[in-house]
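So that the names make sense, note that chain A is the first sequence line, chain B the second, and so on, each numbered from 1. Just so we're clear, the structure is a prediction, and the values are computed from it rather than from any experiment.
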Amino acid sequence: MRDALLINYEYCTGCHTCEVACQKYHDLEPDQFGIKLSQIGPDQIGQRRWQYEFVPIPTDRCDRCVSRTAKGKLPMCVQHCQAGCIQLGSVVEMASKIVSDKYVLFS
Amino acid sequence: MEKEGNETCCAPKTADDPTGRKWTWEEDGFTVVRANARTAPGCHDNCGVLMYVKDGKIDHVEGDPEDPYNQGRLCLRCLTLPDMMYHEDRQLYPMKRAKEERGNPDAWERITWDEAFDLIETKIKALQAEYGKECVDIAAGTGRDVIIYETLLQRVLGTPNQGMGFFPGQACYIPRSFSTNLKSGALYEGDYSQFFPDRYDNPKWKRPDYVLIWGNNPVVANSDGTLGHWIVECMKRGTKLITIDPKLTWVAAHSEYWLQVRPGTDAALALAFGHVIVEEDLYDHEFVDNWTYGFNEYKEAVKEWTPERAAEIADVDVDLVYAAARAIGNAEGWALQWGVAMDQTSEGFYTGMAAYDLVGITGMFDHPGGMVAGIAPFNIGFPWIPSKEEVDWIPQDPAMRPPVSKPELRGLNAMGMPDAESVVEGMEGDAGSNDYTIKCVWFFATNPLANEGAQPKRTYEAIIEGTEFNVVMDTWMTPTALACADVFLPVATYAERSGISGHQPYRTGAIVKAVEPAGEARSDQSILVELGKRFCGEEIFPFDGPEDLYDYMMKRSGACFTYEDMKKRSWAYPEVDYFRYKTGGLRPDGEQGFLTPTGLYEFYSVALEAMECPAIASYVEPPASPVSTPELFEEYPLILTTGARNWGYFHSEGRQIPHLRRVQPEPICRIHPDDAKKYGIEDGEWMIIENYRGSCKQRAEVTPRIKKGVVSCDHGWWFPERDQHDGTYFGTFECNPNNMLSYKPGSVGLGNSYKSDLCRVCKA
Ligand code: SF4
Ligand code: SF4
Ligand code: SF4
């Protein structure tokens with residue numbers, strides 16, 4: 001099984017950097033994505049509680065940046081994520097890093 | 001004058017160890033150049049970049065994992081640097097155009113740099129001989145580090161008139177930086193560990209218990225040398241947020257307390273926070289008793305500001321006012337993360353003071369996880385705020401007139417900056433009591449017709465009718481350049497030039513030329529050196545190039561660095577300690593205390609009293625509001641706020657870059673679903689926003705994120721893809737919300753009402 005991307009979306013600010021970092025490295029057009037943001041909310045779920053969150057979702061264009069990892073570099077999105085909330089590794093290793101709510105694992 | 005290097009110096013002590021750090025290497029067929037990023041393209045930060053060069057061109061850019069500043073990360077703007085550098089619309093050659101042909105895209109004539117400098121020298125010297133040196137206005141943008149060289153340009157041209165381009169009240173950090181300097185003798189920044197090269201692991205550092213985010217969207221704005229995502233790193237380490245914003249931003253949604261304030265009423269909230277902290281005895285007695293001046297006056301001033309009163313004015317729940325005030329009152333460390341919404345209320349100067357006094361009563365100065373004094377690293381001030389020593393070698397005429405202004409704008413006048421409307425009046429031939437004539441505008445990395453200038457059509461007409469000669473330095477043919485320039489000078493990007501970085505007061509570093517400039521572009525600094533030779537002479541400007549100039553200025557500041565030193569080590573961190581007011585580290589005389597007239601933090605500013613300005617924080621209703629102008633409000637029943645920052649753009653930049661434009665293709669005005677329903681606006685439709693000064697057209701985003709009764713307009717828009725011949729200047733006047741804003745600054749000349757005016761909306 002290929003490596004998995006683990007996102008801690010508690011901290012994803014929706015900054016679009018992962019999308020563009022991937023696009024630029026892989027020569028993708030602005031409407032082609034290796035990873036794409038989705039948005040939850042804004043949804044008022046309590047008197048003072050709002051859900052307004054983002055989750056980046058890898059696409060079939062994502063090759064896990066094999067050409068970078070082979071050289072010991074981090075994938076573009078992992079390195080440049082402004083919130084430091086994306087990791088790449090084996091499914092088992094990534095699953096072990098789910099230590100609180102709001103993680104999502106893409107195998 | 002002497003201009004030898006700084007070879008007699010010993011290397012200064014730094015907190016980082018550069019051993020083994022390389023500034024360039026070969027990798028996979030690329031030459032890699034390590035450097036700090038900077039303007040152009042514009043930004044307030046200087047993240048560590050690795051530029052990958054092949055065949056004399058930048059192939060791609062990555063973040064530098066070893067650089068403590070950004071720890072390997074880059075945002076989408078630096079990631080698209082090559083797209084900007086090699087874009088077909090980038091301007092690459094100096095050009096001139098006859099004055100009568102302003103606005104005509106076909107009238108440009110390519111010239112050499114020598115011809116451009118000859119023309120500039122002849123024209124400006126002749127105008128200054130006829131109208132006085134002050135007939136030149138230097139309008140600057142905010143991209144760092146180049147904005148700083150505006151101070152040198154001002155000295156070179158010998159005019160007193162320089163400031164943010166046509167921006168009333170200089171309302172971009174300047175009101176706050178002036179008031180904080182008066183009150184505490186320095187600027188203080190939230191402590192997100194950025195002062196230490198080992199960052200979050202530094203044993204002296206503590207994460208703030210709370211960050212109070214006030215009128216700022218830090219993760220998008222990255223303003224003033226603060227990378228907003230540092231706060232996200234603090235959140236991972238347990239920091240909680242309090243956000244004051246009329247809009248539900250990401251940080252607001254992730255805050256313990258979010259106060260959805262009525263725009264322009266922030267000072268009332270700040271005074272009420274102070275009220276709670278004083279009344280409930282949550283203030284720092286040790287600090288207040290020993291290190292402050294005017295606490296009794298402050299106590300008196302906040303007495304009437306009960307949370308109930310402030311909550312009604314600011315339209316927030318009163319228990320949130322209590323809760324937020326108690327949270328910071330009880331915090332061990334808390335940081336104030338404030339934005340231009342502070343400055344952009346009519347009395348922005350006093351709003352900033354009211355918020356800053358909360359730092360004062362809780363004793364957060366030079367406090368771990370609090371606020372840290374932004375002192376020039378190694379005394380190198382010029383990439384941030386030049387010191388006197390760094391610029392006073394360029395002589396000034398002692399008889400130079402004060403900048404164009406109005407006598408009652410005493411705060412602005414004390415700062416020595418021009419009043420934006422007076423500049424316009426100086427072009428319109430009606431500068432009132434100042435009897436000023438402005439005949440030339442030098443646009444220094446700024447695009448005020450699309451971006452920060454008030455009433456752009458009036459400004460445009462004044463420039464076209466009133467000036468004899470205008471120069472634009474830019475990378476693009478902007479609306480301002482197309483409309484106003486007689487000479488266009490193409491400038492280099494950060495990959496094409498050298499520089500000393502460090503607007504943020506934590507560290508300094510090098511901007512490194514990785515490739516030759518595209519076309520005939522030249523760096524702002526090399527343009528400045530040539531102008532210096534021509535206007536001040538070789539005696540004063542003997543420099544062979546910019547690096548020579550940096551070395552000379554660093555020598556004058558007493559820093560034992562040369563540009564070459566800095567280039568080789570890429571960055572340098574000074575050793576920063578907390579509580580410097582106790583150790584004498586804040587004052588040149590080495591005495592304890594703050595660098596203020598009393599040596600104390602001043603709730604009551606002695607200097608302001610001397611200027612005959614109110615010396616203590618207060619709240620004043622915005623000049624146009626539901627409360628101050630109820631009749632106007634009947635006609636214009638929505639509050640207009642402007643200038644929200646968007647991902648990927650730096651003010652009016654970036655619309656040409658496809659990967660950035662995709663993120664936000666058009667100007668957006670946010671409106672609450674209830675208001676949209678009332679005025680028949682559908683999500684995604686074009687909408688007219690208008691008031692008694694003018695109107696603009698933007699796409700409606702119907703969203704519950706914006707406070708009911710408020711609309712929030714984007715700023716800085718133009719459509720570079722439009723035909724330059726269509727007479728619309730890239731459509732900028734159609735979509736510019738500044739059509740609705742006023743040139744009038746706050747009472748002391750600082751601050752404006754860009755975030756709180758009135759308007760109405762209808763379907764376009
Ligand atoms: S791992 Fe690489 S290919 Fe996959 S989304 Fe991230 S940047 Fe794109
Ligand atoms: S870069 Fe990180 S923070 Fe930004 S959108 Fe992507 S996952 Fe979210
Ligand atoms: S904040 Fe973004 S644009 Fe600014 S220097 Fe950092 S990566 Fe570059």
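- Arg77(B) has no carboxylate O lying under 4.0 Å from a charged side-chain N of Glu653(B), or vice versa, which leaves the two without a salt bridge.
- Of the two parts of Gln47(A), only the side chain, counted from C-beta on, holds a non-hydrogen atom closer than 4.5 Å to a non-hydrogen atom of chain B.
- Judged by the 6.0 Å and 45° rule, Arg655(B) forms no cation-pi pair with Phe719(B).
- Taking Glu19(A), Arg49(A), Gln44(A) one by one and counting their heavy-atom pairs under 4.5 Å with chain B, the maximum is reached by Glu19(A).
- Neither the backbone nor the side chain of Gln51(A) comes within contact range of chain B, judged by heavy atoms closer than 4.5 Å.
- If you measure heavy-atom distances from Asn70(B) to chain A, you find no contacts under 4.5 Å at all.
- Ring geometry for Tyr257(B) versus Tyr210(B): interplanar angle under 30°, hence parallel rather than tilted (30 to 60°).
- Under 4.0 Å is where a charged nitrogen must lie from a carboxylate oxygen, and between Asp714(B) and Arg670(B) at least one such pair does.
- Using a 4.0 Å cut-off between charged nitrogen and carboxylate oxygen, Asp674(B) and Lys708(B) count as a salt-bridge pair.
- Per-residue heavy-atom pair counts under 4.5 Å with chain A were compared for Met235(B), Glu233(B), Glu62(B), and the maximum is reached by Glu62(B).
- Highest contact tally toward chain A, considering only Leu248(B), Val251(B), Val219(B), is held by Leu248(B) [criterion: heavy-atom pairs under 4.5 Å].
- In this structure, Lys677(B) places its NZ atom where only 12 or fewer heavy-atom neighbours from other residues, nucleotides or ligands lie under 6.0 Å away.
- Of the two parts of Glu256(B), neither the backbone nor the side chain holds a non-hydrogen atom closer than 4.5 Å to a non-hydrogen atom of chain A.
- Only the backbone of Leu28(A) comes within contact range of chain B, with at least one heavy atom under 4.5 Å from a heavy atom of that chain.
- For chain A, the nearby part of Thr703(B) is the side chain; its heavy atoms alone come within less than 4.5 Å.
- Between chain A and the options Gly72(B), Pro65(B), Pro82(B), Ala253(B), the largest number of non-hydrogen pairs under 4.5 Å is found for Gly72(B).
- Across Trp250(B) and Glu10(A), no two heavy atoms sit closer than the pair CZ2-O, 3.5 Å.
- With a 6.0 Å cutoff to the six-membered ring centre and a 45° limit on the axis angle, Arg199(B) counts as a cation-pi contact of Trp230(B).
- When heavy atoms are compared at a cutoff of 4.5 Å, Cys18(A) does not approach chain B at all.
- For Cys77(A), no part lies under 4.5 angstrom from a heavy atom of chain B.
- Between Lys247(B) and Ala252(B), the shortest heavy-atom contact is O-CB, 4.0 Å.
- If you measure heavy-atom distances from Arg73(B) to chain A, the contacts under 4.5 Å come from both the backbone and the side chain.
- Between chain A and the options His60(B), Lys236(B), His254(B), the largest number of non-hydrogen pairs under 4.5 Å is found for Lys236(B).
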